[in-house]
Amino acid sequence: MFKRKINQESKASERLIPEGLVDVLNVIDAEYLILAAGEVVLHSSHGTTALSLVRDGRLISEPLVNLVRAARRSGVYQEATIELPRGPIGEGTHDLLVRVTPAGYQGLIIALIFDDSELRRLDSIRRDFVANISHELKTPIGALSILSEAVLGASDDPEAIVKFASRMQIEAKRLSDLVQEIINLSRLQDDDPLKNAKVLNLKDLISEAIDSSRLSAEAREISIICSSPEGVNVLGDRSQVEMAISNLIENAINYSPNGTRVAITLRAVDNLAEISISDQGLGIPEKDLERIFERFYRVDPARSRATGGTGLGLSIVKHVVTNHGGDISVWSVEGSGSTFTIRLPMYLIPDDINETNMLDAVEASQ
Ligand code: ADP
């Protein structure tokens with residue numbers, strides 16, 4: 001992949017770099033840094049800035065600085081994996097494999113950086129998913145097989161046939177919801193949302209998510225109120241962020257008694273976009289709060305099954321916000337209600353872009 005864009009460097013520092021070295025580095029599929037003494041960055045590939053490894057021409061990642069110093073001291077090639085946060089908050093990380101070697105010329109050090117996050121992420125997702133999914137699929141499939149036997153055995157009892165066939169429909173719907181959620185999850189795994197991120201207007205996304213839940217809210221006489229200011233934007237994948245907000249609204253409806261209220265609030269706090277979804281529902285016992293984001297964890301499996309839950313919704317939400325460099329938290333009191341809050345790094349308009357350009361950028365990216 002010859003995609004590399006190069007960061008600017010001064011003419012003076014360019015003279016220190018042997019001819020041809022940058023050309024060689026540009027054909028390696030890795031980010032790179034060429035460093036002089038004092039960990040001054042003489043030359044770097046573009047992605048090192050996005051990974052927040054370099055600021056104002058200096059290496060700022062402590063583990064990487066240590067590795068470079070070890071290579072300089074020992075004169076020997078060093079290799080390590082390092083973890084860097086994806087954003088200012090949240091648990092998302094970049095897992096980087098870093099190879100550092102003295103260039104053997106003017107004390108220069110070369111660091112090659114391979115981003116392993118994607119591979120590791122996929123691997124761990126695949127492992128726990130396969131373990132859980134077989135169990136979850138077996139339940140409705142087993143029920144369908146028992147019910148079909150019951151239908152066969154009740155050929156002379158039309159009432160029993162109707163009863164068993166209706167149960168079969170419910171189990172078939174559960175199976176199809178589960179498959180849909182599995183498709184949603186596998187889409188999330190397909191790619192890193194920050195690699196092809198677009199500017200997303202959260203006010204619009206929230207109102208679309210509310211529209212898609214309108215019918216189920218009306219059926220339960222649950223009113224949805226929303227307060228969302230204009231101008232709160234984030235960078236990310238539109239369908240993923242909308243899916244996350246919709247899942248939280250659907251849960252607020254599903255786990256609340258009829259005639260209650262769901263409130264959605266969007267706020268900008270310290271350069272973070274904060275979306276809260278509050279309900280007046282069942283609430284969640286304290287002992288379960290830690291676990292509800294795990295795949296297939298349900299507080300009350302019977303209630304979740306009755307509302308058509310798959311046990312995957314919150315794990316999908318957590319996945320989406322983590323991949324967007326954000327986080328999710330929950331506050332809940334059993335019997336009173338719950339508030340789920342997701343925070344995402346805000347997309348801040350650069351100083352030199354005026355409002356008209358910004359609106360154009362938002363529109364173009366949608
Ligand atoms: P499900 O498909 O079962 O709703 P989720 O992953 O969306 O799965 O949620 C996991 C569990 O967390 C649910 O089964 C439910 O017990 C609990 N839960 C989620 N949202 C709420 C809420 N707003 N109020 C009460 N309990 C909730």
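Residue numbers count from 1 along this sequence. In each ligand, atom 1 is the first atom listed, and ligand 1 is the first ligand listed. Just so we're clear, the structure is a prediction, and the values are computed from it rather than from any experiment.
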Nitrogen or oxygen atoms of T310 and ligand 1 under 3.5 Å apart:
yes
Atom 3 (O) of ligand 1: nearest protein contact (heavy atom, Å)
S304 OG, 2.6 Å
Close-contact set for ligand 1 against G311 heavy atoms, below 4.0 Å
1 (P), 2 (O), 3 (O), 6 (O), 8 (O)
Around atom 26 (N) of ligand 1, find the nearest protein heavy atom and jot down its residue, atom name and distance.
I284 CG1, 3.3 Å
Please test E62 against R69 for salt bridge (Lys or Arg N to Asp or Glu O under 4.0 Å), starting from the C-alpha separation and ending with a verdict.
CA-CA 10 Å; E62 207 185 309; R69 287 191 182 145; over 6 Å; no
State the atoms of ligand 1, each with its element, that fall below the 4.0 Å cut-off from a heavy-atom position in Y297.
10 (C), 11 (C)
Under the side-chain hydrogen bond (donor to acceptor under 3.5 Å, both in side chains) criterion, do D300 and Y255 qualify, and how do the steps go?
CA-CA 10 Å; D300 175 355; Y255 297 102; over 6 Å; no
R55, CZ: over 12 other non-hydrogen atoms inside 6.0 angstrom:
no
Kindly assign one of parallel, tilted or perpendicular to the pair Y32 and H43, based on the angle between their ring planes and the thresholds 30° and 60°.
parallel
With R99 as the cation and F114 as the aromatic partner, state whether NZ or CZ is under 6.0 Å from the six-membered ring centre and within 45° of the axis.
yes
Measuring from the heavy atoms of F340, does anything fall under 4.0 Å of ligand 1?
yes
Could you see which bit of F293 sits under 4.0 Å from ligand 1, with heavy atoms only: side chain, backbone, both or neither?
neither
Please write down residue, atom name and distance for the protein heavy atom closest to atom 7 (O) of ligand 1.
N251 ND2, 2.8 Å
When you measure from atom 17 (C) of ligand 1 to every protein heavy atom, which one gives the shortest distance, and what is it?
V299 CG2, 4.0 Å
Numbered atoms and elements of ligand 1 in range of G283, under 4.0 angstrom, heavy atoms
25 (C)
Evaluate whether atom CD of Q106 has more than 12 neighbouring non-hydrogen atoms of other residues, nucleotides or ligands under 6.0 angstrom away.
yes
Measure the distance from atom 23 (N) of ligand 1 to every protein heavy atom, then report the residue, atom name and distance (to 0.1 Å) of the closest one.
D279 OD2, 2.9 Å
Min side-chain heavy-atom separation E79-V100 under 4.5 Å
no
Looking only at non-hydrogen atoms, the one of I249, I292, V317, L314 nearest atom 5 (P) of ligand 1 is L314
among protein heavy atoms, the one nearest atom 4 (O) of ligand 1 is Y255 OH, 2.7 Å
Against heavy atoms of G313, which atoms of ligand 1 measure under 4.0 Å?
5 (P), 6 (O), 7 (O)
Quick one: name the residues clustered hydrophobically with I89, using the 4.5 Å side-chain heavy-atom rule over I, L, V, M, F, W, Y, and just say none if it's on its own.
L272
What pairs with R267 under salt bridge (Lys or Arg N to Asp or Glu O under 4.0 Å), at least two apart in sequence or on another chain?
E274
